[in-house]
S.K.: 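One structure, as C-alpha cells, below. Some questions next.
Just follow the structure's listing: the first ligand is 1, and inside any ligand the first atom is 1.
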Amino acid sequence: MNNVIENIQNSYLLWKEYPVSQRIEIIKEIRDKLLKNTELYAKAITSDMGKPISQSIAEVKKCAYLCDYYIENSENFLKPQQIKTKWTESYITFEPIGVLLGVMPWNFPFWQVFRFVIPNLILGNIFVVKHASNVPKSADLLETIFNSDKLKFPIYKNLFLESKFVADIIAHKHIKGVSLTGSEPAGRAIAQCAGQHLKKSVLELGGSAAFIVCEDADLELAVSTAVNARMQNAGQSCIAAKRFLVHENLKEKFLSLFKLKVEALKKGDKFDLNTEIGEMAREDLAIELEKLVNESISLGAKLICGGKREGSFYEPTILSEVTPEMPVFKEETFGPVAAVTFFKTFDEAVTLSNLSDFGLGVSVFSKDVEFIKSQTYRFEEGAVYINEMLISDPHLPFGGVKNSGYGRELSQFGMYEFANIKTVVIK
Ligand code: NDP
C-alpha cells in the first residue's frame, strides 16, 4: 500500500504543475468516456448493487453533467481574487493540498465518487480511493475512466482494503485529507482518526429527511414527488425523504393516493428498462430494515402496504400513525419504507422535522411559497426544497449539519474544501 501512495504522491508533484486549462482537457476526456460507454458502466452499477438499469443509466449521465458543469465554471472559480486592503496589492489564490483519500459507499457508486473527484482534480489534488467492498466492478471501471492515456502517470488509484486499515492510510504522511460518504459510525471513526493526524475531513453521512405536506399543498404533485423521493434507488439514498409529515386534514386522501402510486411501481428484472423498483444492495441491509419496520408496528404503527421481504428485495412499504418514539422515525430507514406522521399546525411540523439527529435537508409542499420562504431559517438542515424533492445538483452546495456530517460538496464551495486558500500581500 505504501508503494501505491508513494507513486501517487509523485504523480501529484507532476499534476499540480499543470495549468487548470490542461487539467480541464483531461476532464473532457473523462466526460466523453461516460457518454460513449454509458450502458457498459450502468450494467456494472446494476450488477454490483442491484438498482434498476434505468436508474444506473441516469447516474452515469449525471456524472457527465457534473463534468460539464466544472469544465464550464472551474477557471472562474479558481482565478485569483483581488481584495482591497491597506497594502498596494493583496489577493487570494486557490491551490491544491496533495493526495486525498476517498472512502466511498455503494448506493451511488459512480456519482458519489465523481462529485468528490472532479472538482478536486481540476484544483490539482489527486486520489486514492477505498470503495465499499460490494461494488468491485464499478471500482475497477472508475480507475480506467479517471486515468488518461494522455498522461504518463496515474491521477487516481483504487485501494482494495478492509475498512479497519483505513486509519493507517489516513495516518500516511502523503495523505492530506479524507472525504467519506457513508454511515454515522464510519464518520465518527474517520473524523477521529483525521483529527488525531490533523488532516482535513469532509463527511457526508446519513439523513432522515422530512417531507412536509401542508394543508394547502398541491396533493397530486406532493404524492407523485413523494413516491420518487422515497422509492428511487430502493430508498437507499441519504437525501431520500424518509419521514412524511402530513397535515391531519389530508390523512385519508394522502394515504389512499400514496398507496395507489406506491403499489403501481413496476417490479421485475433489474436489467429491464421498465423496472422501477429493485432489490436492496445487500440482504443484511434488508433484514435490518425489516427489523425497524416490525419494531415500529409492535409500537403501534399501521401497515398501509408492503412490509414483506424476500432475500434482498424489500417490498415498497408505507407505515402510518408513526410517532417520534418509533425506530422508523428515530433512525435512518435506508430502504423503501415511508413513515407517515400527521400534524395539526406548521409549528408542530417544524418541531417534528427538527427532532431528527440528522440535518441533511427537508422538503416542504405548500401553495404559499412566500410563507415557507420566510420559515426556512427554522429548519436545522443543509437544504430546504419547496415543492420539490431533495436532489443534488452540481450548481448547488450539498451537505449537512448535525449528525449528517460537515463540509460541502458540489458548486464552488465543494471546490474549496480541500484547497489551500493562499493569501498574497504586496506592500
Ligand atoms: P458504511 O458506512 O459502513 O460504508 C461506507 C464506506 O465506509 C465503505 O467504503 C465502508 O467500507 C467504509 N467504512 C465502514 N466503516 C468504516 C470504518 N470504521 N473506518 C473506515 N471506513 C469504514 O455503510 P454500510 O454499507 O454498512 O451501510 C450501512 C448504513 O450506512 C446504511 O444503512 C445507511 O444508513 C448508511 N449509508 C449512508 C450513505 C450515504 O449516502 N450517506 C451511503 C452508504 C451507507 P466497507 O464496505 O469495506 O465496509
S.K.: Between ligand 1 and S183, is the shortest N or O to N or O distance under 3.5 Å?
M.R.: yes
S.K.: Please classify the A132 to ligand 1 contact at 4.0 Å (heavy-atom distances, strictly less than): side chain, backbone, both or neither.
M.R.: both
S.K.: Here's a test for you: under ring-ring contact (aromatic ring centres under 6.0 Å, His included), which of W15, F418, F116, F114 qualifies with F127?
M.R.: F116
S.K.: Are E295 and K291 ion-paired here, with the side-chain N under 4.0 Å from a carboxylate O?
M.R.: no
S.K.: Please determine if L285 has a nitrogen or oxygen closer than 3.5 Å to a nitrogen or oxygen of ligand 1.
M.R.: no
S.K.: Would the distance check show the side chain of E332 and the main-chain N or O of S208 forming a donor-acceptor pair, the cut-off being under 3.5 Å?
M.R.: no
S.K.: Starting from atom 6 (C) of ligand 1, what is the nearest protein heavy atom, named by residue and atom, and what distance separates them?
M.R.: M104 O, 3.7 Å
S.K.: Is there a heavy atom in H131 that sits closer than 4.0 Å to ligand 1?
M.R.: yes
S.K.: Going by distance alone, is a donor N or O of one side chain under 3.5 Å from an acceptor N or O of the other, for N73 and Q412?
M.R.: no
S.K.: Is it true that S56 and Y41 share a donor-acceptor pair across their side chains at a distance under 3.5 Å?
M.R.: no
S.K.: Among protein heavy atoms, which lies nearest atom 16 (C) of ligand 1, and at what distance?
M.R.: S163 CB, 3.6 Å
S.K.: Does the protein put a heavy atom under 4.0 Å from atom 4 (O) of ligand 1?
M.R.: no
S.K.: Looking only at protein heavy atoms, which one is nearest to atom 42 (C) of ligand 1, and what is the separation?
M.R.: P105 CB, 3.4 Å
S.K.: At what distance is the nearest protein heavy atom to atom 7 (O) of ligand 1, and which residue and atom is it?
M.R.: V103 CG1, 3.5 Å
S.K.: In the protein, what heavy atom is nearest to atom 41 (N) of ligand 1, and what distance, to one decimal place, separates them?
M.R.: L205 O, 2.8 Å
S.K.: Using 30° and 60° as the class limits, which term best fits the ring planes of F379 and F346: parallel, tilted or perpendicular?
M.R.: perpendicular
S.K.: Numbering the atoms of ligand 1 from 1, which are under 4.0 Å from a heavy atom of V166?
M.R.: 20 (C), 21 (N)
S.K.: If only side-chain N and O atoms count, and only distance matters, is there a donor-acceptor pair under 3.5 Å linking T333 with R230?
M.R.: yes
S.K.: Heavy-atom distances under 4.0 Å decide this one: backbone, side chain, both or neither, for Q112 against ligand 1?
M.R.: side chain
S.K.: Taking atom types as modelled, find out whether K137 and S47 have a side-chain donor-acceptor pair closer than 3.5 angstrom.
M.R.: yes
S.K.: Of all the atoms in ligand 1, which lie at a distance below 4.0 Å from a heavy atom belonging to A189?
M.R.: 18 (N)
S.K.: Among protein heavy atoms, which sits nearest to atom 15 (N) of ligand 1, and what does the distance come to when rounded to 0.1 Å?
M.R.: A186 CB, 3.6 Å
S.K.: Quick one: which residue pairs count as a salt bridge (Lys or Arg N to Asp or Glu O under 4.0 Å) with a foot in residues 37-55, not counting sequence neighbours?
M.R.: K51-E59
S.K.: Any nitrogen or oxygen of L180 lying under 3.5 Å from a nitrogen or oxygen in ligand 1? Just yes or no.
M.R.: no
S.K.: Could you tell me whether R282 and ligand 1 have an N or O pair separated by under 3.5 Å?
M.R.: yes
S.K.: Indicate yes or no for a side-chain donor-acceptor contact from N125 to the backbone of G98 under 3.5 Å, with no hydrogens or angles considered.
M.R.: yes
S.K.: Quick one: look up the protein heavy atom nearest atom 34 (O) of ligand 1 and list residue, atom name and how far away it is.
M.R.: E332 OE1, 2.7 Å
S.K.: For residues E325 and T323, is any side-chain donor paired with an opposing acceptor at under 3.5 Å?
M.R.: yes
S.K.: Taking E95's backbone N and O only, do any of them form a donor-acceptor pair with N420's side chain (distance below 3.5 Å, no angle check)?
M.R.: no
S.K.: Return a yes/no value for W106: is any of its N or O atoms, backbone included, closer than 3.5 angstrom to an N or O of ligand 1?
M.R.: yes
S.K.: In terms of residue, atom name and distance, what is the protein heavy atom nearest to atom 44 (C) of ligand 1?
M.R.: F334 CE2, 4.0 Å
